[in-house]
Protein chains: 2
Amino acid sequence: MEYSIGEFSRLTDLGIHTLRYYEHEGLITPGRNSSNRRCYSDKDLAWIEFIKRLKDTGMPIKEIQHYAKLRAAGDPTLRERMEMLTAHREALNEQIRQLQKHLTKLDDKIDFYRQEIDRTSKNN
Amino acid sequence: MEYSIGEFSRLTDLGIHTLRYYEHEGLITPGRNSSNRRCYSDKDLAWIEFIKRLKDTGMPIKEIQHYAKLRAAGDPTLRERMEMLTAHREALNEQIRQLQKHLTKLDDKIDFYRQEIDRTSKNN
DNA sequence: ATACAATGTAGAGTAAACTCTATGTCAAGA
DNA sequence: TCTTGACATAGAGTTTACTCTACATTGTAT
């Protein structure tokens with residue numbers, strides 16, 4: 001299937017402006033039809049979903065841009081791309097660990113608040 | 001103990017400019033000495049560490065600002081503050097869940113790359 | 001044939017969170 | 001006394017990632 005930018009925007013939940021911006025930044029390169037309109041494919045759809053995943057896990061656009069360049073260069077860059085992904089996986093693991101640490105601290109704080117509220121309500 | 005902004009900057013790992021910015025935004029209100037220099041206390045230190053935790057878990061400055069206002073208003077705002085924190089805890093839980101989902105997808109992708117690299121290296 | 005909605009480009013504007021610059025004050029050491 | 005370094009304020013500048021505006025084309029329904 002092929003999609004216009006409007007359809008693709010709905011499918012991906014990314015604004016039309018954002019899609020054009022991503023293209024401008026070299027993250028994605030949809031085909032064009034005879035009237036110069038963008039034609040997004042299902043491959044583009046899978047790719048943009050992956051881009052979203054990288055973004056949502058904290059990878060900056062610049063780095064995704066680099067990855068996209070390697071991807072466009074094809075098989076010879078497979079190894080380098082995998083190295084990027086394994087490095088990113090480590091970062092993500094660390095990120096999750098940090099958040100879990102923060103979560104337990106937040107739990108502690110909330111417990112403390114619970115006690116305080118209990119104490120101040122008794123104190124009448 | 002009391003600290004100058006320079007000392008406090010080292011202790012908190014936040015730039016001097018950032019500390020002044022936080023103060024400007026109402027996140028923290030250090031005392032002043034006779035020469036109008038900022039005097040940060042140990043209480044300020046504990047507070048800024050908590051601010052960092054909120055920030056690192058994705059709370060925007062505006063919301064931390066609101067929390068700081070409640071905190072400054074004292075005991076009558078205990079309950080509202082706790083509600084903010086429990087809401088934030090839920091957001092954090094969800095964030096961690098999402099990241100874990102992303103992590104397994106990333107693992108899959110890396111496995112796929114491993115196979116591809118294996119295949120292309122055999123294919124000579 | 002005409003209207004109108006979607007699309008195209010180029011470039012400006014926005015929001016968040018800093019980060020830096022210019023300029024001035026002040027306490028302490030040479 | 002003079003200089004230096006840390007600190008003060010006000011406001012400008014930066015970075016990232018969009019988001020929007022202005023204006024020109026094009027495809028489709030009436």
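So that the names make sense, note that chain A is the first sequence line, chain B the second, and so on, each numbered from 1. All values derive from a computational prediction rather than experimental measurement.
- Residue B:Lys55 places at least one side-chain N or O under 4.0 Å from the OP1 or OP2 atom of C:dC18.
- Side-chain atoms of B:Asp42 and B:Tyr3 form a donor-acceptor pair, as typed in the model, at a separation below 3.5 Å.
- Contact check for A:Gln65 versus A:Tyr67: no side-chain heavy atoms found under the 4.5 Å cut-off.
- For A:Arg32, a side-chain nitrogen or oxygen approaches OP1 or OP2 of C:dT9 to under 4.0 Å.
- Each of A:Arg20 and B:Ile5 has a nearest nucleotide on DNA chain D; the 5'-most of these lies closest to B:Ile5.
- In this structure, A:Ile48 places its CD1 atom 10 Å from P of D:dC18, rounding to the nearest Å.
- In this structure, A:Arg79 places its CZ atom where only 12 or fewer heavy-atom neighbours from other residues, nucleotides or ligands lie under 6.0 Å away.
- When rounded to the nearest whole Å, the span between CD of B:Glu23 and C1' of C:dA17 equals 17 Å.
- Side-chain N/O atoms of B:Ser35 include none lying less than 4.0 angstrom from OP1 or OP2 on D:dC7.
- Side chain of B:Arg38, nearest nucleotide from D:dC7, C:dC26, D:dA8: D:dA8.
- Atom CG of A:Asn33 is separated from atom C1' of C:dA6 by 12 Å (rounded to the nearest Å).
- With respect to B:Arg119 and B:Glu116, a salt bridge is recorded, a charged nitrogen being found less than 4.0 Å from a carboxylate O.
- Taking every side-chain heavy atom of B:His17 into account, C:dT21 is the closest of C:dT21, C:dT7, D:dT16.
- One interatomic measurement links the two molecules: CG of B:Leu27 to C1' of C:dA17, which rounds to 11 Å at whole-angstrom precision.
- At a cut-off of 3.5 Å, with distance as the only test, a side-chain donor of B:Ser41 or B:Asp44 sits close to an acceptor on the other residue.
- For A:Glu25 and C:dG11, the CD to C1' distance is 14 Å, given to the nearest whole Å.
- Nucleotide C:dC18 holds its P atom 11 Å from the CD1 atom of B:Ile51, rounded to whole Å.
- A straight line from OH of B:Tyr40 to P of D:dA6 spans 16 Å, rounded to a whole angstrom.
- In this structure, A:Thr18 does not reach the D:dA17 phosphate: none of its side-chain N or O atoms is under 4.0 Å from OP1 or OP2.
- Summary of the strand contacts: B:Met59 and B:Arg37 both lie near DNA chain C, and taking for each the nucleotide with the nearest heavy atom, the more 5' one is attributed to B:Met59.
- Among C:dC18, D:dC20, C:dT9, the nucleotide with an atom closest to any side-chain atom of B:Ile61 is C:dC18.
- If A:Arg10 and B:Lys62 are placed on DNA chain C by their nearest nucleotide, the residue sitting closer to the 5' end is A:Arg10.
- Using a 4.0 Å heavy-atom distance criterion, A:Tyr22 is classed as a sugar-phosphate-only contact.
- Distance, B:Glu7 CD to D:dA6 P: 12 Å, rounded to whole Å.
- An OP1 or OP2 oxygen of D:dC20 is reached within less than 4.0 angstrom by no side-chain nitrogen or oxygen of A:Tyr21.
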